[in-house]
2 protein chains.
Amino acid sequence: MRLLVLQYLMEQNRALSLNELEVLFENADKSTIFRTLKTFQENYLVHRINDGSGAIKYALCDDDCICSLEDNHIHFLCTKCEKTYCLKDTPIATPNLPNGFRANFANYLIEGICSTCT
Amino acid sequence: MRLLVLQYLMEQNRALSLNELEVLFENADKSTIFRTLKTFQENYLVHRINDGSGAIKYALCDDDCICSLEDNHIHFLCTKCEKTYCLKDTPIATPNLPNGFRANFANYLIEGICSTCT
DNA sequence: TAAGGAGTGCAATGCCATTGCAAAGTTTAG
DNA sequence: CTAAACTTTGCAATGGCATTGCACTCCTTA
Ligand SMILES: [Mn+2]
Ligand SMILES: [Mn+2]
Ligand SMILES: [Zn+2]
Ligand SMILES: [Zn+2]
């Protein structure tokens with residue numbers, strides 16, 4: 001299962017939800033896929049993305065990803081095709097925070113229309 | 001109920017979850033407060049914030065808020081006190097998107113330590 | 001070949017958001 | 001003042017998603 005999921009994630013250039021994988025691998029149980037993704041997270045193979053869709057999305061990490069503020073990039077949710085993309089070349093600009101606020105992590109999501117739906 | 005919730009929201013300078021309000025107004029039903037907030041949203045009194053905590057947070061809009069890309073600001077979740085703040089003076093910088101991507105809305109959340117928890 | 005460990009399926013649990021329906025409360029026209 | 005019409009509320013149920021205990025199956029290794 002891990003090999004199958006990993007391969008599929010590598011073939012996609014976008015972030016997938018547990019449910020999408022569940023549908024794809026219909027012979028495998030939800031919990032198995034869930035644990036697969038959990039294992040991947042624990043080993044920094046994937047990062048989880050909260051795109052506000054209600055379901056968490058998972059996407060492959062880059063080789064140097066450690067999933068902290070450093071390597072964070074913007075994510076994009078297309079409101080037409082409902083697909084979520086990692087904009088790996090669009091780093092998150094960290095703004096100046098009010099006095100006394102310290103940032104540890106950032107989640108920057110943009111909603112709009114993706115290039116294939118334009 | 002609307003008056004009570006509105007007043008409480010005005011007194012706070014932060015975003016609150018349905019559950020927090022439920023606990024506060026223990027004599028009112030969850031669904032009543034839910035509908036109250038829904039009414040507020042429909043009339044642009046509050047905006048909803050997805051801070052990744054699992055529960056949606058609600059905060060008062062500014063007078064000129066129309067809850068689109070224009071008036072959007074960054075939100076901050078303190079991982080210590082679990083409170084979410086609107087950083088109304090910290091607008092979201094919109095980055096250059098890849099070719100063909102068009103932005104309609106943005107959600108920029110920063111996690112860290114707030115000024116009172118420092 | 002059998003014991004120990006790893007992976008899997010099933011079913012249950014626990015949030016949280018949302019809604020149908022009926023009861024209670026309020027407004028308004030007669 | 002009274003009843004119809006409309007609004008607000010409470011209760012209970014539903015649905016989606018994440019997560020987990022437990023038992024069973026499968027694989028590795030001594
Ligand atoms: Mn990503
Ligand atoms: Mn806000
Ligand atoms: Zn699209
Ligand atoms: Zn704090």
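These numbers were taken from a predicted model, which means no experiment stands behind them. Within every chain, numbering begins at 1; the chains are lettered A, B, ... in the order of the sequence lines, protein sequences first and strands thereafter.
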Between [N] atom [atom2] and [X] atom [atom1], what is the distance in whole Å?
X: A/Gln41; N: D/dA18; atom1: CD; atom2: P; answer: 11 Å
X: A/Leu3; N: C/dA6; atom1: CG; atom2: C1'; answer: 14 Å
X: A/Phe34; N: C/dG7; atom1: CZ; atom2: P; answer: 16 Å
X: A/Lys38; N: D/dG21; atom1: NZ; atom2: C1'; answer: 12 Å
X: A/Asn43; N: C/dA6; atom1: CG; atom2: P; answer: 14 Å
X: B/Asn50; N: C/dC16; atom1: CG; atom2: P; answer: 13 Å

- Message: When you group the ILVMFWY residues by side-chain heavy-atom contacts below 4.5 Å and let the links chain together, are B/Leu77 and A/Phe101 in the same group?
- Response: no
- Query: Of the candidate nucleotides C/dC16, C/dT19, C/dT18, which contains the atom at the shortest distance from the side chain of B/Arg48?
  - Reply: C/dT18
- Item | Candidate pair B/Asp29 and B/Ser31, rule side chain to side chain donor-acceptor pair (under 3.5 Å), full reasoning | CA-CA 5 Å; B/Asp29 190 79; B/Ser31 59; 2.6 Å; yes
- Task: Run the numbers on B/Cys86 and B/Arg14 for side-chain contact (heavy atoms from CB on, under 4.5 Å), then give the verdict.
- Result: CA-CA 6 Å; B/Cys86 293; B/Arg14 62 188 188 92; over 6 Å; no
- Interatomic distance, A/Thr84 atom OG1 to A/Glu111 atom CD [nearest 0.5 angstrom]: 9.0 Å
- Approximate separation, where rounding is to 0.5 Å, of A/Leu24 CG and A/Tyr8 OH: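 Here the interatomic distance stands at 5.0 Å.
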- Query: Is there a side-chain contact between A/Tyr58 and A/Phe40 (heavy atoms, below 4.5 Å)?
  - Reply: no
- Query: For residues 17-26 of chain A, which residues have at least one heavy atom under 4.0 Å from DNA chain D?
  - Reply: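 Correct list: A/Leu18.
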- Query: Within a radius of less than 6.0 Å around CG of B/Asn43, do more than 12 heavy atoms belonging to other residues, nucleotides or ligands occur?
  - Reply: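 Yes - once you tally the heavy atoms of other residues, nucleotides and ligands closer than 6.0 Å, there are more than 12.
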- Item | Test side-chain hydrogen bond (donor to acceptor under 3.5 Å, both in side chains) applied to B/Asp62 and B/His47, B/Lys88, B/His73, the passing residue |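 Option passing the side-chain hydrogen bond (donor to acceptor under 3.5 Å, both in side chains) with B/Asp62: B/Lys88.
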- Task: Determine, for nucleotides 5-11 of chain D in 5'-to-3' order, which nucleotides have protein heavy atoms under 4.0 Å from the base (write B), from only the sugar-phosphate (write S), or from neither (write -).
- Result: ---SBBB
